[in-house]
Amino acid sequence: MVRTQHARQRPFGVQKAAYGILTRRRNSLKPRHLLSITNLSPQEVEALLQRALDMKQQGHDAPLAGKTVAMLFEKPSLRTKVSFDVGIQQLGGHPIYMGRDEVGLGGREPVADVARVLSRYVDAIVARVFSHKVLEEMAAHSSVPVVNALSDVEHPCQAMADLLTVKEHKGRLAGLTIAFIGDGNNVSASLALAAASVGASFVIASPQGYELRPEGLDRAQAIARERGGSIRQVRQPQEAVAGADVVYTDVWVSMGDEAETAGRLRAFQGYQVTPQLMGLANPRAIFMHDLPAHQGEEISPGMLEHPQSVVFDQAENRLHAQKAVLEFLLGQHS
Ligand code: NVA
C-alpha cells in the first residue's frame, strides 16, 4: 500500500480535522538545520560524536524508517554522496540524489521554491552548493532540516567525521593540538570551529591571502576562549606542526576556485605535508586529509600510506558521523 507522508504520520484514532491541527503545529515548528558546525552546541557535538561511536561499534535500529532525504549536489562528490546514500539506507530511510543539471537550483527554479516544494515531499534536504548563501536561502524557506554537504564557507559533516577520527585514535579531544597546513577554506573553517567547541587547540599555517576568513577566525577564537582551547594563524608550516597531535591538510584548489589554479599553485609552494614535516610533530601525531588528495601538491607522494596516516579511517567516519547527525535531526533515538 502506498501511503502519503502525512497519512503515514497520522497516529491511529486521530480524526482528520484534529490531525490537521497537529500537522499545522508540527509545520510551524522551526526545523533544526546544519549549515555551520556552530548550529550544534558544544554539548551536542560531544553527544553526537559519542553516539556515532556507539552506532559504529554496536549497531543501531532504523530511526529513519519511512523517511526520505533529498540529496541536491551542485558539485562532484565521492565520499559525501556515497556515505550519505549508504547511511540513509542503513538507518532505514530512502535517499533521492539529484545532480546539478536535474534541478537547476537558482536557475531553472528559484532556491526558495525548490526548498518549499521539497519540504512537501521529503523529511530532510542534504545539499552541496557553490555559494553558502544558497544554503541559507534554502534553510529560510524549508520546513525540513537542511544539511550542508559542503559549501564555499563550511563543511560541517567533514568536521564531525574529523573529530570522530581524532577521538578514536587519540582517546580524547580537549587539550589536543590540531595543525592545519594550507588553505583557510571550507574544511579548515569548520575544523577550527569544531576544534574550538571541544576544547582543542587549532593552529593553521597559510600563505598570505589564503588565511581563514576573518568572521570564521573571530568566531572560532571566541568559542575557544569559552571552551579552554585556542585558535592561532601562523605563516610557517614548521611552526604550526611543532608538537602537534594532528597534522591535517586539504587541496590547494577547492571546487569553485579552478580559475585561480595557477596563482594558488605558486602561493602554496612550501606548504606541502611531507614525512619531514610530520617529523616535527608529536611522535604519536596522526596525519589527516579529507580527500581527494593531490600527491606532489599538498602532500608528497606516499603520505596517504605513511605509518601515521589515518586518512581512510577518516573517510569511513563520514558515514558514522553523518548517521548520528541524521538520527539527531530526523529520527527518534531509541
Ligand atoms: N576544500 C575542498 C574539499 C573537498 C572535499 C573543496 O571544497 O573542494
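These numbers come from the heavy atoms of this one structure, side chains and all, not from hydrogens, waters or symmetry mates. Counting convention: from 1, in listed order, for ligands and their atoms alike.
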Do the ring planes of Tyr210 and Phe268 sit parallel (below 30°), tilted (30 to 60°) or perpendicular (above 60°)?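 Tilted.
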Salt-bridge criterion met for Glu211 and Arg235 (N-O under 4.0 Å):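 Yes, charged N to carboxylate O under 4.0 Å.
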Run the salt-bridge test on Arg116 and Asp113 with the 4.0 Å N-O cut-off and return the result as yes or no.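 Salt bridge between Arg116 and Asp113, a charged N being under 4.0 Å from a carboxylate O: yes.
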For Val203, the rest of its hydrophobic cluster, which grows through side-chain links under 4.5 angstrom: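 Val234, which link up through side-chain heavy atoms under 4.5 Å apart, make up the rest of the cluster.
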Tell me, please, which residues at least two apart from Ala139 pass side-chain contact (heavy atoms from CB on, under 4.5 Å).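 Residues passing side-chain contact (heavy atoms from CB on, under 4.5 Å) with Ala139: His33, Leu35, Val146.
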Ligand 1: which residues have a non-hydrogen atom closer than 4.0 Å?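 Heavy-atom contacts below 4.0 Å: Leu150, Asn185, Asn186, Val187, Asp250, Val251, Ser254, Met255, Asp290, Leu291.
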Any pair counted as side chain to side chain donor-acceptor pair (under 3.5 Å), so long as it reaches residues 295-307, sequence neighbours left out: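 Qualifying pairs: His289-Glu298.
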